[in-house]
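What follows is a set of notes on a single structure, which appears directly below.
Remember, it's 1-based here, ligands and their atoms both numbered in the order they're listed.
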Amino acid sequence: MRAPVPTAKRTVYTDAMEIFHRAADLIGLDKRVRLELEEPDYEHIFYLTVKLKDRLVPLAPEKAKAFTDLAVTQVRDPGGLENLPNGQIILNGKALLGSDVNIRGGHLRLPSGGVFQLVPGESQRFKAYRVQHNQARGPYKGGIRYHKEVSLDLFKALAAEMTWKTAIAEIPFGGAKGGIQIDPRQYGREELQAVTLRFMYKLKGLVGPNIDIPAPDVNTNGEIMALMLRQFMDGERERHNLRGVVTGKDVRIGGSEGRTKATGQGVAYCIEDYFAEKGETLRGKTFTMQGFGNVGSNAADILAGMGARLLAVNDADGTIFNGDGIDVAALIAYVYENPKNLKKTVAGFPGAQKIEKNDLWDVKADMLVPAALGGEITGEIAERLKVKLVCEGANGPTTPEADRVLVKRGIDLIPDIIANSGGVTVSYYEWIQNKRMESWTEAEVNKKLEYAIKRNYRIIRDISRNTPRKTDMHDSRRYCIDKTTEPRAAAMILALRRIEAHYLLEGFSQ
Ligand code: NAD
């Protein structure tokens with residue numbers, strides 16, 4: 001019997017690379033360059049072991065009945081108790097020391113009335129990744145994601161995407177991505193710090209300001225970058241020269257003004273340019289959004305400042321809608337400045353009504369800004385959308401099938417590799433400032449970012465429409481391919497042409 005011919009398995013990576021292959025075919029990409037780019041340079045997988053803290057785990061009401069007569073434990077230092085979104089409480093420092101502890105069978109009752117089981121902290125192992133996709137144009141560059149659903153396949157796709165994005169943004173970096181398989185909501189602040197320090201301890205041999213430069217991504221931020229920086233610099237003689245090992249740092253320790261909101265700012269610049277070309281502004285335009293984290297909340301804030309109205313938002317914990325427009329400043333305060341909102345979710349926001357996640361896609365608006373995770377807009381959802389434009393704040397939110405549906409339905413697309421390139425562009429500004437020991441104003445940063453992102457977006461539009469031209473701002477003549485193509489392929493063509501030039505002009509080392 002003959003063995004069946006193996007069929008290529010579809011994965012997140014093969015899906016993500018579909019557009020690479022399409023664009024490579026369209027431009028007749030050099031064969032060897034294609035092989036160099038088809039797979040990453042390096043795929044690192046390693047493990048971190050970290051000692052967790054003691055914690056209080058809430059008992060289910062049924063089980064708590066057995067402790068109705070248990071006296072309340074009076075905690076002397078309530079500041080030592082850290083509430084997690086899952087209802088557990090981490091015991092930081094010496095939270096119970098000096099308190100009147102009433103414990104029975106490992107259980108205690110807090111003044112809130114709840115009965116908890118005291119679970120001693122044990123060591124736990126986490127799986128960590130760093131994929132370094134390509135460095136033809138400069139050091140590897142890409143974010144660090146903490147999420148329960150990550151995989152080598154996903155990080156390969158995201159690392160490749162960084163290679164295309166840095167080329168499109170015209171910055172001298174390659175592409176990388178990495179992170180840890182962890183649900184950060186299950187852990188306390190000090191536990192996450194320990195995980196981060198251990199992560200950088202193991203990563204140290206692989207990264208550096210001229211080798212590979214991490215940055216924030218989903219569930220990581222400036223605080224995490226500060227810890228990574230400290231772990232990398234500790235004990236080094238010329239530590240002041242190493243500040244550029246991570247970007248997205250707090251401005252007080254070498255971060256760039258404008259970096260925190262740079263990705264959202266870039267999204268807004270793209271959308272502004274999209275309408276400007278039609279002779280329109282954002283005043284009175286409406287939008288819906290998925291994800292209200294760093295990218296989503298900043299994009300929403302800036303778009304609202306330009307006069308647009310946010311009608312609906314979905315995040316990991318809920319979906320809200322207000323046909324008259326959601327007050328974005330109030331929503332940001334509700335999500336980020338309300339200590340009771342442990343999940344940092346839009347759910348429960350009083351200025352809007354609750355709807356089902358599934359209903360988000362049916363809201364009629366001028367545009368949709370996906371700013372959460374990849375693969376969310378499927379072919380079926382794309383068939384339902386009632387928007388004229390999708391601007392991808394997230395990485396890879398639209399599946400290849402959905403892409404085809406958007407083209408068929410005449411819904412315009414601003415692809416992720418240009419739309420969300422603002423973050424990595426300002427990361428590059430941060431890296432230069434660190435190298436030069438300078439600090440630029442937010443106005444300087446935004447002016448440079450606006451010029452860079454609009455200039456490259458215009459080149460992509462010209463490639464897409466096959467309108468080669470040179471203006472004061474951009475020159476698309478080198479990149480157009482004598483035929484029209486959809487924007488995602490056009491963006492990839494720009495990236496591949498810029499990367500290919502490095503291989504063809506510099507040659508290959510054997
Ligand atoms: P974040 O962690 O700050 O926010 C993520 C948001 O997505 C949260 O509001 C969360 O509730 C929501 N979310 C998570 N899972 C969801 C689900 N299943 N359904 C609906 N919503 C869900 O992350 P971020 O930094 O804003 O990144 C968001 C996206 O933008 C990611 O795809 C990331 O790769 C991409 N991106 C981020 C940057 C950056 O500078 N932070 C740059 C480029 C691209």
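The nearest heavy-atom contact from the protein to atom 5 (C) of ligand 1 is Gly293 CA, 4.3 Å. The single protein non-hydrogen atom nearest to atom 37 (C) of ligand 1 is Val295 CG2, 3.4 Å, given as residue, atom name and distance. In terms of protein heavy atoms, atom 20 (C) of ligand 1 is closest to Asn314 OD1, 3.1 Å. Of the protein's non-hydrogen atoms, the one nearest atom 19 (N) of ligand 1 is Lys357 NZ, 3.2 Å. Counting only heavy atoms of the protein, atom 9 (O) of ligand 1 lies nearest to Phe292 N, 2.8 Å. The nearest protein atom to atom 14 (C) of ligand 1, hydrogens excluded, is given as Ala316 CB, 3.8 Å; this is a heavy-atom distance. The single protein non-hydrogen atom nearest to atom 2 (O) of ligand 1 is Asn219 N, 2.9 Å, given as residue, atom name and distance.
Proximity of Arg145 to ligand 1 is established by a heavy-atom distance of less than 4.0 Å.
Looking at Arg259 against ligand 1, only its side chain comes within 4.0 Å, counting heavy atoms. In Lys344, neither the side chain nor the backbone holds a heavy atom less than 4.0 Å from any atom of ligand 1. The part of Ala371 lying near ligand 1 is the backbone, judged by heavy-atom distances below 4.0 Å.
Ring geometry, His133 versus Trp164: the interplanar angle exceeds 60°, so the pair is classed perpendicular (tilted spans 30 to 60°).
Side-chain N or O atoms of Arg409 include one that pairs as donor or acceptor with a backbone N or O of Glu383 at under 3.5 Å.
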- Chi angles and distances behind the side-chain contact (heavy atoms from CB on, under 4.5 Å) call for Leu449, Gln265: CA-CA 9 Å; Leu449 172 63; Gln265 184 73 65; 3.9 Å; yes
- Stepwise side-chain contact (heavy atoms from CB on, under 4.5 Å) test for Met200 and Leu227: CA-CA 8 Å; Met200 183 48 115; Leu227 291 164; over 6 Å; no
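The closest non-hydrogen atom to atom 36 (N) of ligand 1, taken over Asp315, Val267, Leu373, Asn395, comes from Asn395. With Asp217, Thr220, Thr263 as candidates, the residue nearest to atom 42 (C) of ligand 1 on a non-hydrogen basis is Thr263. Relative to atom 23 (O) of ligand 1, the option among Asn420, Val218, Thr247 with the closest non-hydrogen atom is Val218. Comparing Gly296, Ala215, Ala372 by heavy-atom distance to atom 32 (O) of ligand 1, the nearest is Ala372.
Residue contacts with ligand 1: Lys177 is placed with no nitrogen or oxygen under 3.5 Å of a nitrogen or oxygen of the ligand (distance criterion only). When only interatomic distances are considered, the shortest N/O to N/O separation between Asn294 and ligand 1 falls below 3.5 Å. Of the polar atoms of Gly291, none of the N or O atoms is found under 3.5 Å from an N or O of ligand 1, judged by distance alone.
With Phe292 as the fixed residue, the side-chain contact (heavy atoms from CB on, under 4.5 Å) test singles out one of Val313, Asn314, Thr345, Asn298: Val313. When each of Phe155, Tyr42, Tyr47 is checked for a ring pair (Phe, Tyr, Trp, His ring centres under 6.0 Å) with Tyr129, only Phe155 meets the rule.
By the neighbour-count criterion of 12 heavy atoms within 6.0 Å, atom NZ of Lys343 is sparsely surrounded, having that number or fewer from other residues, nucleotides or ligands.
One finds a salt bridge joining Glu39 and Lys156 here, because a Lys/Arg side-chain nitrogen approaches an Asp/Glu carboxylate oxygen to under 4.0 Å. Ion pair Lys447/Glu444 not flagged as a salt bridge, since none of the NZ, NE, NH1 or NH2 atoms sits closer than 4.0 Å to an Asp/Glu carboxylate oxygen. Under a 4.0 Å N-O distance rule, the pair Arg10/Glu18 does not qualify as a salt bridge. With respect to Arg461 and Asp273, a salt bridge is recorded, a charged nitrogen being found less than 4.0 Å from a carboxylate O.
For Lys435 and Asn241, the side-chain atoms include no donor-acceptor pair closer than 3.5 Å.
Ligand-side atoms of ligand 1 in range of Gly393: 30 (O), 35 (C), 44 (C), range being under 4.0 angstrom from any heavy atom.
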